[in-house]
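Report on one structure; see the data block that follows.
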Amino acid sequence: MRDASYEFLKRLLSTPGPSGNEGAAAGVWREEARGFAEVRGDRMGNSFATLNAGGSPRVMLSGHIDEIGVIVTHIDEKGLVRFSGIGGWDPQVLVGQRVRLQTRSGEVVGVIGKKAIHLMEPEERKKVSDIKGLWMDIGAKDADEAKEMVRVGDAGVVDQDLLELPNDRIASRALDNRMGAFVVLEALRLLSEEEGIDAEVVAVASVQEEIGLYGARGAAFGLDPDAAIAVDVTHATVTPGVSKNENGDHALGSGPAIKRATNLSPIVSEGLLAAAEEAGISYTLEADSRSTGTDADAIQFTRAGIATGLVSAPSRYMHSPNEIVELGDLEDCARLISAYIKGLDPDTEFVR
């Protein structure tokens, strides 16, 4: 991966952006996009970067920029902060984590606490943690001091920075799906260096995916594209206890996973496959018998329907503070999307 792209990815991943509070991360994305595209936002907080406005067909590239997080629900008399999860957490991975809360006075840090094992009864030790049994300790002496620091409704993220690993791999929070927002903009950058692109291409850093696919739905309605490609992570199945029979064979380093699903456009899916073959990009196939659980689901039934495809990068430990991806897979996702769009022209038909 080129140095400038990697630095952009690191800035994205280090910036907090839980669902509904994506503004800081969106600002990083928009700043990068202004170097080669027309940039704007909308009332939901979605970010748009447009290349070749007025071209045909119009293609939307969507990667959601929000991440799972925490939100303050109550401050007790001891000054301990009770919270709920934003998005789908396994509470076991939250115990003992550091957090960064975004408040009106700036960032407040704390730790997620739980009764020490020494103080537990034998039966308690056997029970898994539940978020309602955890709390955030921000160092406050009492409720009054805590309420000067944070308010109910303040949101935050686990404090976990990017870690570089061998074999071109990284671990970080927010790879689901800050990675997708990175890939769609990287694909747009690659296209900006090409001549003779017929399509109008709009990269979207969509919001609120983790709580209901809301941002992509609004963005797609406003854009009314002819076709769309969503980018997200999929489970790397070369990990203990994961069944390839049920989840397919997707390893780190195996390239983009191209989804074939009953709610996706076979025209787009087959076009992506053909583009991968022609460009010599390694890929795997992934199937779903119903919906995909990604922004693609919201996009494909917007307005009268949008021809939608899905490209994913394999990831380990999804929805944890240390998700792992391989950088080459991200590069190849961007290369694949760019190669597909270069093959489109005004006569490309998406009706079936």
Side-chain angles (χ1 to χ4, degrees), residues 19 59-68 85-90 175-177 179-181 183-184 204 206-221 223-239 241-251 254-274 276 283-320 323 325 329 333 336-337 340 350-352:
S19 301
V59 183
M60 172 182 175
L61 309 178
S62 182
H64 73 86
I65 200 165
D66 61 312
E67 61 182 296
I68 58 175
I86 298 174
W89 278 107
D90 174 0
L175 280 165
D176 179 11
N177 185 33
M179 177 284 301
V183 165
V184 297
V204 181
S206 62
V207 298
Q208 300 178 32
E209 190 269 359
E210 296 291 358
I211 58 173
L213 315 180
Y214 300 135
R217 184 177 305 173
F221 190 94
L223 284 175
D224 192 20
D226 300 293
I229 300 170
V231 180
D232 213 311
V233 289
T234 192
H235 297 286
T237 54
V238 187
T239 49
V242 178
S243 170
K244 293 182 182 179
N245 291 338
E246 297 175 8
N247 299 286
D249 190 357
H250 314 291
S254 62
I258 299 172
K259 179 83 79 172
R260 303 182 70 207
T262 54
N263 70 323
L264 296 179
S265 167
I267 295 173
V268 177
S269 298
E270 292 298 329
L272 287 165
L273 288 170
Y283 65 89
T284 62
L285 285 173
E286 189 173 21
D288 264 310
S289 59
R290 294 179 64 84
S291 56
T292 70
T294 71
D295 275 346
D297 298 349
I299 296 167
Q300 62 94 20
F301 66 74
T302 298
R303 291 182 177 259
I306 295 167
T308 304
L310 175 61
V311 173
S312 304
S315 171
R316 290 178 178 168
Y317 322 125
M318 202 182 298
H319 281 209
S320 83
E323 302 167 336
V325 299
D329 291 334
C333 284
L336 169 59
I337 293 167
Y340 171 71
F350 295 103
V351 175
R352 58 189 176 97

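The first residue of the sequence shown is numbered 1, and numbering continues consecutively from there. Heavy-atom basis, side chains included; hydrogens, waters and symmetry copies ignored.
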#### Entry: Distance (rounded to the nearest 0.5 Å) between I68 CD1 and D90 CG
9.5 Å

### Task
Output yes when a side-chain donor or acceptor of S269 lies under 3.5 Å from a complementary backbone atom of K259, and no otherwise.
yes

### Query
Would you say the side-chain atoms of E323 pair up with the backbone N or O of D176, donor to acceptor, closer than 3.5 Å?
yes

### Task
Take V207 and Y214 through the test side chain to side chain contact (heavy atoms under 4.5 Å, CB included) and record every step on the way to the result.
CA-CA 7 Å; V207 298; Y214 300 135; over 6 Å; no

#### Entry: Exercise: identify the closest heavy-atom pair between G248 and T237
O-OG1, 2.8 Å

### Task
Flag the pair L272 / I229 as yes when at least one side-chain heavy-atom distance between them is below 4.5 Å, and no otherwise.
yes

### Query
Which atoms form the tightest heavy-atom contact between A216 and M60, and what is the distance?
O-CE, 4.0 Å

### Task
Determine the minimum heavy-atom distance between V311 and P256, stating which atoms define it.
CG1-CB, 3.8 Å

### Task
Kindly indicate, with the supporting measurements, whether the criterion side chain to side chain contact (heavy atoms under 4.5 Å, CB included) is fulfilled by T292 and Q300.
CA-CA 11 Å; T292 70; Q300 62 94 20; over 6 Å; no

### Message
I'd like to know if the side chain of H319 reaches the main chain of W89, judged simply by a donor and an acceptor atom lying under 3.5 Å from each other, with no hydrogens or angles considered.
### Response
no

### Query
Atom NE2 of H235 and atom NZ of K244: how far apart are they, to the nearest 0.5 Å?
15.5 Å

### Task
Look up atom CG in L213 and atom OG in S291, then write down how far apart they are to the nearest 0.5 Å.
8.5 Å

### Message
Any side-chain to backbone donor/acceptor pair from S315 onto M318? Under 3.5 Å, distance only.
### Response
no

### Query
Are the side chains of D226 and V59 in touch, meaning some heavy atoms are under 4.5 Å apart?
no

### Task
Evaluate the side-chain proximity of R290 to N263: yes if any heavy-atom separation is below 4.5 Å, no if none is.
no

### Main-chain N/O of L264 paired to T308 side chain as donor or acceptor, under 3.5 Å
no

#### Entry: Contact check, side chains of R260 and E286, non-hydrogen atoms, under 4.5 Å
no

### Message
Show the nearest heavy-atom pair for residues I258 and L273, with the distance to one decimal.
### Response
CD1-CD2, 3.6 Å

### Inter-residue atom distance T234.OG1 - D288.CG, 0.5 Å rounding
8.5 Å

### Query
Would E209 and T294 count as a side chain to side chain donor-acceptor pair (under 3.5 Å) if you check the C-alpha gap in whole Å, the side-chain angles of each, and the deciding distance to 0.1 Å?
CA-CA 7 Å; E209 190 269 359; T294 71; 5.9 Å; no

### Spatial distance of atom SG (C333) from atom CE (M179) [nearest 0.5 Å]
6.0 Å

### Message
Can you tell me how far apart OG1 (T284) and CG (D329) are? Round to the nearest 0.5 Å.
### Response
9.0 Å

### Task
Determine, stepwise, if the pair I299 / R217 fulfils side chain to side chain contact (heavy atoms under 4.5 Å, CB included).
CA-CA 6 Å; I299 296 167; R217 184 177 305 173; over 6 Å; no

### Query
Is there side-chain contact between L223 and I306, with at least one heavy-atom pair below 4.5 Å?
no

#### Entry: Main-chain N/O of S289 paired to T262 side chain as donor or acceptor, under 3.5 Å
yes

## Note on the structure
Between D295 and S62 the two heavy atoms that sit nearest each other are OD2-OG, 3.4 Å

### Message
Run F221 and R303 through side chain to side chain contact (heavy atoms under 4.5 Å, CB included) and show every step you take.
### Response
CA-CA 6 Å; F221 190 94; R303 291 182 177 259; 3.7 Å; yes

### Message
Can you confirm whether I65 sits close enough to N177 that some side-chain heavy atom of one is under 4.5 Å from a side-chain heavy atom of the other?
### Response
no

### Query
What is the minimum heavy-atom distance between E210 and S19, and which atoms define it?
CB-OG, 3.4 Å

### Message
Is there a side-chain contact between Y283 and L336 in this structure, where contact means two heavy atoms from C-beta onward sitting under 4.5 Å apart?
### Response
no

